[in-house]
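One structure is given below, encoded as structure tokens.
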Amino acid sequence: MSIKDRDPGQHDDSEPREETQKEETQNETPAGGTTRRQFLTRAGTAGVAAAAASMGGTDIFGGVHSAAAATPPPPGVPASAGFFGRIFPKLPAFAPATNQVRAALLEVGQSGGILDAQDDLAAGPVALITDPTVNGNPTATNAYGTNPDNVTMTAGSTFIGQLIDHDITFDQTSLLGVTQNPTVSPNTRTPALDLDSIFGGGPAIRPDLYQPNADGSVGPKMKIGSGGVHEDIPRVQNADGSFSAVISDPRNDENMMLGGLHCAHILFYNRAIDDLPSINPALMGRTTPFPTSTSFDVFLAARQITLWHYQWLLVNEHLMQVCGSAVVNDVLAHGNRFYRPPQGDGFMPIEFGAASYRFGHSQVRPSYRANFTSGTGDSTSPTADPFFGLIFDPSQPNFNTPADRDDLLGGFPAPRRYIGWQTFFDAGDGQVKTNKKIDTALSTVLFDLPTPTIAPHTQTSPVNLAQRDLLRQLTWSLPSGQNVSRAMGITPLTPRDLTAIAGIYAPFGENTPLWYYVLAEAKAATDGVTLGPMAGRIVAETLIGLLRADPASYLSGMPGFVPFLGTDFVVGPNASTTVAGNRSYTRSHFLHYAGVLDAGIYR
């Protein structure tokens with residue numbers, strides 16, 4: 001039976017889906033048992049290894065299983081938070097995993113195909129930002145543009161999304177286009193917004209990430225590196241002249257912007273340690289001062305302060321920008337309808353990780369201004385000596401080798417390889433740039449990835465990002481965008497919205513791969529400004545649901561928390577009037593406290 005012939009009503013998840021999902025996802029804690037997340041919270045992440053035996057052992061990724069016998073979880077919910085799961089387990093796959101379907105997906109995602117914005121890379125990185133004839137924005141003959149800017153989000157929004165993704169999901173076992181059951185597939189990140197991709201579980205688990213002390217102990221402060229002028233990811237030099245990053249998640253060294261954010265969170269945390277004695281505990285919902293008698297106490301306190309600032313910005317800036325305030329406020333006020341993880345046991349739904357949250361790939365610019373001074377020293381002028389570069393440049397010599405290249409690949413320290421954040425987040429000085437709209441156009445640079453940007457221990461072919469995203473839809477037997485929309489009570493897109501993909505393979509017009517549908521929905525529903533109603537709710541419910549499932553998050557512990565570190569930052573008079581999200585405390589305030597952004601100083 002062809003996909004086109006499949007009965008579009010071949011699911012039972014439309015009208016009664018909300019109640020069914022409640023039954024399927026709200027699995028109870030086993031009688032007499034303790035959930036993995038509750039145990040992690042009580043023991044403290046760094047104490048997990050020492051205490052695991054009393055809980056019945058650990059899996060190879062550090063996940064703790066209850067010693068008590070557990071009833072089988074509902075469909076779609078993994079037996080352990082260390083595995084992926086599903087929000088809509090009853091929906092059929094969008095297509096069978098046949099050679100014909102794989103070939104069609106590869107054609108949809110091919111270089112020069114319907115997803116390729118066909119940016120004029122030869123015009124150079126500066127023109128791709130500033131020249132209206134090549135920057136993809138609307139023209140007299142193209143009212144939408146080929147790869148238009150999104151003025152509601154800044155250029156840094158893309159990399160915040162990448163940092164968040166690396167915090168909660170990492171698949172190192174599946175093969176692209178080969179079907180696999182997510183509920184028995186390991187997620188090597190904790191499905192909690194706890195920045196384990198940075199903290200690595202604490203000094204007892206990853207002592208190499210923390211500064212050594214005179215007595216032989218390590219921590220609580222974390223190591224930070226330098227390329228010679230400004231902060232860099234900690235690295236060790238290898239015998240062949242290459243460098244290995246000393247970080248919990250190697251993906252955070254994929255590009256300079258992501259590496260800079262990784263460093264900024266380390267520096268924020270390190271400064272919070274210094275300021276801990278002067279921080280009013282009431283600001284963190286405490287009636288007594290933070291315990292500081294041991295370095296582990298200090299680690300826990302500074303980590304919690306850092307996490308609550310990070311989590312608050314995720315909800316009040318990032319989600320407001322990518323999902324829109326209406327759906328975010330609805331989820332905050334009325335709770336989740338579809339993704340309903342039990343308290344203490346959040347899991348990573350594959351509809352989020354492999355499809356809905358990959359919308360950010362369409363927002364990557366082909367080029368960026370990385371900094372303002374190219375390693376020559378800080379300046380009061382934003383035009384001193386800017387370093388513009390393609391994010392990845394296939395014309396670079398040794399394209400797959402990190403070096404002091406003219407593009408923005410990570411993996412190498414050098415005097416000019418740091419970030420001037422006024423380009424990426426709004427400091428009110430008129431220097432901020434935007435990212436791209438959420439639509440079915442990806443920047444051309446993403447159709448030929450350098451291999452260092454592909455996570456280790458994962459399949460390296462193809463190197464085309466669009467094809468990789470599309471093949472993942474088969475890997476996880478993801479449902480079609482139409483069926484997910486119906487299950488959520490949302491009217492699906494019309495055939496007119498899906499003409500391009502149907503022209504490649506007709507069945508995809510009626511049963512569209514979920515990731516592609518997410519992009520098409522955003523363009524059709526919001527003109528690419530935010531996610532559409534289906535994907536926006538999945539993203540908002542997943543991230544807010546993970547926070548609510550985590551007893552240590554600010555939404556669980558102190559929903560009225562307000563950030564307080566970095567509030568002395570003074571936003572300039574030329575702040576953007578179009579950028580969405582809460583503007584009282586922004587990523588610029590966070591970066592200022594971290595010591596990487598100062599008003600009027602250009603790095």
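This structure is a prediction, so every number in the text was calculated from the model and none was measured.
Of the options L163, I160, I419, a side chain to side chain contact (heavy atoms under 4.5 Å, CB included) to L258 is made by L163 and by none of the others. Results of the ring pair (Phe, Tyr, Trp, His ring centres under 6.0 Å) test with H309 over F590, Y269, F561 single out F561 as the only residue that passes.
Annotation: side chain of D194 is not in contact with side chain of F199 (no heavy-atom distance under 4.5 Å). In this structure, I538 and M488 have side chains that are in contact, with non-hydrogen atoms separated by less than 4.5 Å. Under the 4.5 Å side-chain criterion, counting only non-hydrogen atoms from C-beta, E521 is not in contact with T512. At a threshold of 4.5 Å between non-hydrogen side-chain atoms, the residues L446 and R468 do not count as touching. Contact check for F170 versus S197: no side-chain heavy atoms found under the 4.5 Å cut-off. Put simply, the side chain of E351 does not reach to within 4.5 Å of the side chain of Y339, judged on heavy atoms. Y310 places a side-chain heavy atom less than 4.5 Å from the side chain of D167. Using a 4.5 Å heavy-atom threshold, the side chains of Y357 and V518 count as separate.
Separation of atoms CG (L478) and OG1 (T179) is listed at 12.0 Å; rounding is to 0.5 Å. For the atom pair L442 CG and H361 NE2, the distance stands at 8.0 Å (nearest 0.5 Å). The line from CZ of F159 to CG of L261 is 8.5 Å long, rounded to the nearest 0.5 Å. I544 CD1 to L314 CG: the interatomic distance, rounded to the nearest 0.5 Å, is 8.5 Å.
Each side-chain hydrogen bond (donor to acceptor under 3.5 Å, both in side chains) pair with one or both residues in residues 533-542, not counting sequence neighbours, appears once here: D330-R537, R537-E541.
Heavy-atom minimum distance, M320 versus S325: SD-CA, 3.5 Å. Across every non-hydrogen atom of A594 and F268, the tightest pair is CB-N, 3.8 Å. Of all heavy-atom pairs between A97 and G177, the closest is CB-O, 4.4 Å. Closest non-hydrogen pair, I233 versus C263, comes out as N-SG, 3.2 Å. Here the closest non-hydrogen pair linking V484 and F88 is CG1-CE1, 3.7 Å. Listed here is the closest heavy atom pair of W476 and S185: CZ3-OG, 3.4 Å.
Between the side chain of Q311 and the main chain of L193, a donor-acceptor pair closer than 3.5 Å is present. D196 places a side-chain N or O within donor-acceptor distance of the main-chain N or O of T190, the cut-off being under 3.5 Å. A donor-acceptor pair is defined here as one N or O able to donate and one able to accept, closer than 3.5 Å; such a pair exists between the side chain of E317 and the backbone of R587. Remark: the backbone N or O of Q172 is not paired with any side-chain donor or acceptor of T458 at under 3.5 angstrom. Within the 3.5 Å criterion, the main-chain N or O of V364 finds a donor-acceptor partner in the side chain of S443. At least one donor-acceptor pair under 3.5 Å links the side chain of T453 to the backbone N or O of P450. The backbone N or O of A302 sits less than 3.5 Å from a side-chain atom of T306, completing a donor-acceptor pair. Q473 places a side-chain N or O within 3.5 Å of a backbone atom of D469 that can act as its donor or acceptor partner. The main-chain N or O of L565 is found under 3.5 Å from a side-chain atom of Y585 such that the two form a donor-acceptor pair. Of the possible donor and acceptor atoms, one in the side chain of T586 sits under 3.5 Å from a partner among the backbone N and O of S588.
Defined by atom type and a distance below 3.5 Å, a donor-acceptor pair is present between the side-chain atoms of S242 and N238. No hydrogens or angles considered: nothing links the side chains of Q180 and S174 as a donor-acceptor pair under 3.5 Å.
Two rings, from F412 and F243, have their centers less than 6.0 Å apart. Outside the 6.0 Å centre-distance limit, the rings of F84 and F352 are not counted as a close aromatic pair.
Using a cutoff of 4.0 Å between basic side-chain nitrogens and carboxylate oxygens, D253 and R235 are scored as salt-bridged.
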Show your reasoning for whether ring-ring contact (aromatic ring centres under 6.0 Å, His included) applies to F94 and Y516.
CA-CA 12 Å; F94 79 97; Y516 184 96; over 10 Å; no

